[in-house]
S.K.: 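Sharing a structure, written as structure tokens. Questions coming.
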Amino acid sequence: MPYREGIEIELSPRQLEIVELIRIHAPITGEQIAERLGATRPTIRSDLGLLVMLGYIDAKPKVGYFPGRNSMKERSEAESIAGLKVRDVMGLPVVLRETASVSDAVVALFLENVGSLVVVDSANMLAGIVSRKDLLKVTLGNAQAASVLLGMVMTRYPNVVTVSPDDTVREALRKMIAHEVDGLPVVQPANAGEESGASEASASKLEVVGRMTKTTLAKLVFDRMEPQ
């Protein structure tokens, strides 16, 4: 919703469709746009004029319409966010030992206001992850649930979707969508930075260094949208 002279202007569904058509098919004429919309050229003339005025599209005589400066700016901003490294935007992990109890996990979820907890072993390496859903399942109708150990209810590694500090925000978001999860532990090999002589066992261990969540991504987008 761009602003012009203090007035907030919200694009109509047809105007948004026109912007998208031009983004995909540029250069495209007004007649071609009208045909794809199932409308007449005079019907969309005012829409095209408004979109040109707002900078969402540009018009070149005898050529057609192209994406405008505002449209390209928004696309460029989204691409710049998606290309950021996870290490530059990740949050601190909320971690519990696998010997902690379900009661400990419930308290941690509320105190930290998170949707899941990373579970580590005695060497502080990734052991699993436990979500609100996991805790709800074990507590319903179970009077002894509070004392159950997290190692009994968590999703165990390697059945945990993770992301690397060197992955991009785009890759992190792709994994969240594909696996329908709200967050990902950010991990690196336990022997990262050590000499190549590390054992195969230690090479399979993962150190938890951060977390990426949908809230992290939403905040990142919001911060980029805020006027400087």
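Start at 1 with the first residue, then count along the sequence. These numbers come from a predicted model, not from an experiment.
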S.K.: Would you say that E171 contacts M212 through its side chain, given a criterion of any heavy-atom pair below 4.5 Å between the two side chains?
M.R.: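 Counting from C-beta outward, E171 and M212 never come under 4.5 Å.
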S.K.: For D182 and M176, work out which heavy atoms get closest and say how close.
M.R.: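 Taking D182 first and M176 second, the nearest heavy atoms are O-SD, 4.1 Å.
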S.K.: Restricting to non-hydrogen atoms, name the atom on T168 and the atom on G83 that form the minimum distance, rounded to 0.1 Å.
M.R.: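 Distance-wise, the nearest heavy atoms are CG2-O, 4.1 Å.
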S.K.: Is there a path of hydrophobic side-chain contacts, each under 4.5 Å between heavy atoms of I, L, V, M, F, W or Y residues, that connects F110 with L117?
M.R.: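 In one cluster with F110: L117, yes.
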S.K.: Where do G68 and D58 come nearest, in terms of heavy atoms and distance?
M.R.: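 The pair with the smallest heavy-atom distance is CA-OD2, 3.7 Å.
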S.K.: With side chains defined as the heavy atoms from C-beta onward, is the minimum distance between T213 and T216 less than 4.5 Å?
M.R.: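 Contact flag for T213/T216 side chains = yes.
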S.K.: I'd like to check V163 versus M90 (side-chain heavy atoms, cut-off strictly below 4.5 Å). Are they in contact?
M.R.: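 No, their side chains stay 4.5 Å or more apart.
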S.K.: When hydrophobic residues are tied together by side-chain contacts of less than 4.5 Å, even through go-betweens, does I28 share a cluster with Y56?
M.R.: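 Shared cluster, yes.
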S.K.: From K214 NZ over to L173 CG, what is the distance, rounded to the nearest 0.5 angstrom?
M.R.: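 One finds 8.5 Å between NZ of K214 and CG of L173.
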S.K.: So, do L109 and V114 sit near enough that their side-chain heavy atoms are less than 4.5 Å apart?
M.R.: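 Answer yes - side chains close enough.
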S.K.: Check whether any side-chain heavy atom of V102 sits under 4.5 Å from a side-chain heavy atom of M152, and report yes or no.
M.R.: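 The answer is no; the side chains never approach within 4.5 Å.
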S.K.: Show the numbers, then the answer: is there a side chain to side chain contact (heavy atoms under 4.5 Å, CB included) between R174 and D167?
M.R.: CA-CA 11 Å; R174 185 195 67 78; D167 284 336; over 6 Å; no
S.K.: When you group the ILVMFWY residues by side-chain heavy-atom contacts below 4.5 Å and let the links chain together, are V19 and V52 in the same group?
M.R.: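 Same hydrophobic cluster.
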S.K.: Going only through I, L, V, M, F, W and Y residues with side-chain contacts under 4.5 Å, is there a path from I57 to I44?
M.R.: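 Linked within one cluster.
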S.K.: Within a strict 4.5 Å, meaning less than it, do heavy atoms of the L37 and L21 side chains meet?
M.R.: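 Yes, close enough: below the 4.5 Å cut-off.
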S.K.: Looking at P67 and A26, what are the two nearest heavy atoms and their distance?
M.R.: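 Closest pair (atom of P67, atom of A26, distance): CD-CB, 3.7 Å.
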S.K.: Looking at I24, I want to see if its CD1 is surrounded by more than 12 non-hydrogen atoms of other residues, nucleotides or ligands under 6.0 Å.
M.R.: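 Buried by this count: over 12 neighbours within 6.0 Å.
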S.K.: Which value, rounded to the nearest 0.5 Å, describes the distance between I22 atom CD1 and Q32 atom CD?
M.R.: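 Interatomic distance, I22 CD1 to Q32 CD, rounded to 0.5 Å: 11.0 Å.
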S.K.: Once rounded to the nearest 0.5 Å, what's the spacing between atom CD of E20 and atom NE2 of H25?
M.R.: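 Between atom CD of E20 and atom NE2 of H25 there are 8.5 Å.
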S.K.: Could you report the tightest heavy-atom contact between A172 and V86, atom names first, then the distance?
M.R.: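 Looking at all heavy atoms of both residues, the shortest contact is CB-CG2, 4.2 Å.
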S.K.: Give a yes or no on this: more than 12 heavy atoms of other residues, nucleotides or ligands lie within 6.0 Å of atom CG of D88.
M.R.: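 Yes, CG of D88 has more than 12 neighbouring heavy atoms, counting only those of other groups under 6.0 Å.
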S.K.: Search all heavy atoms of S116 against all heavy atoms of I129 and return the closest pair with its distance.
M.R.: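 Heavy-atom minimum between the residues: OG-CD1, 3.9 Å.
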S.K.: Tell me whether M125 is reachable from V118 by hopping between hydrophobic residues (I, L, V, M, F, W, Y) whose side-chain heavy atoms are closer than 4.5 Å.
M.R.: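 No: no chain of side-chain contacts under 4.5 Å links V118 to M125.
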S.K.: Taking NZ, NE, NH1 and NH2 as the nitrogens, is one of them in K85 or D166 under 4.0 Å from a carboxylate oxygen of the other?
M.R.: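 No, no charged N to carboxylate O under 4.0 Å.
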S.K.: Rounded to the nearest 0.5 Å, how far apart are CG of N142 and NZ of K137?
M.R.: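 Result: 14.5 Å between the selected atoms.
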S.K.: Taking R156 for its side chain and G151 for its backbone only, find out whether a donor-acceptor pair lies under 3.5 Å.
M.R.: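 Pair found, side chain donor or acceptor close to backbone of G151.
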S.K.: Sort out for me which residue in N124, D104, V119 forms a side chain to side chain contact (heavy atoms under 4.5 Å, CB included) with R97.
M.R.: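 Of the listed options, the one satisfying the test is N124.
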S.K.: Can you find a pair of side-chain heavy atoms, one from T162 and one from L184, that are under 4.5 Å apart?
M.R.: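 No; the side chains remain at least 4.5 Å from each other.
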S.K.: Answer yes or no: is there an ion pair linking R14 with E17, defined by an N-O contact shorter than 4.0 Å?
M.R.: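 Here R14 does not pair with E17 in a salt bridge, since their nearest N and O are not under 4.0 Å apart.
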S.K.: How long is the gap from OH on Y65 to CD1 on I33, to the nearest 0.5 Å?
M.R.: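 So the gap between those two atoms works out to 6.5 Å.
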S.K.: Rounded to the nearest 0.5 Å, how far does CD of E98 lie from CG of D121?
M.R.: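 Between D121 CG and E98 CD, I get 6.0 Å after rounding to 0.5 Å.
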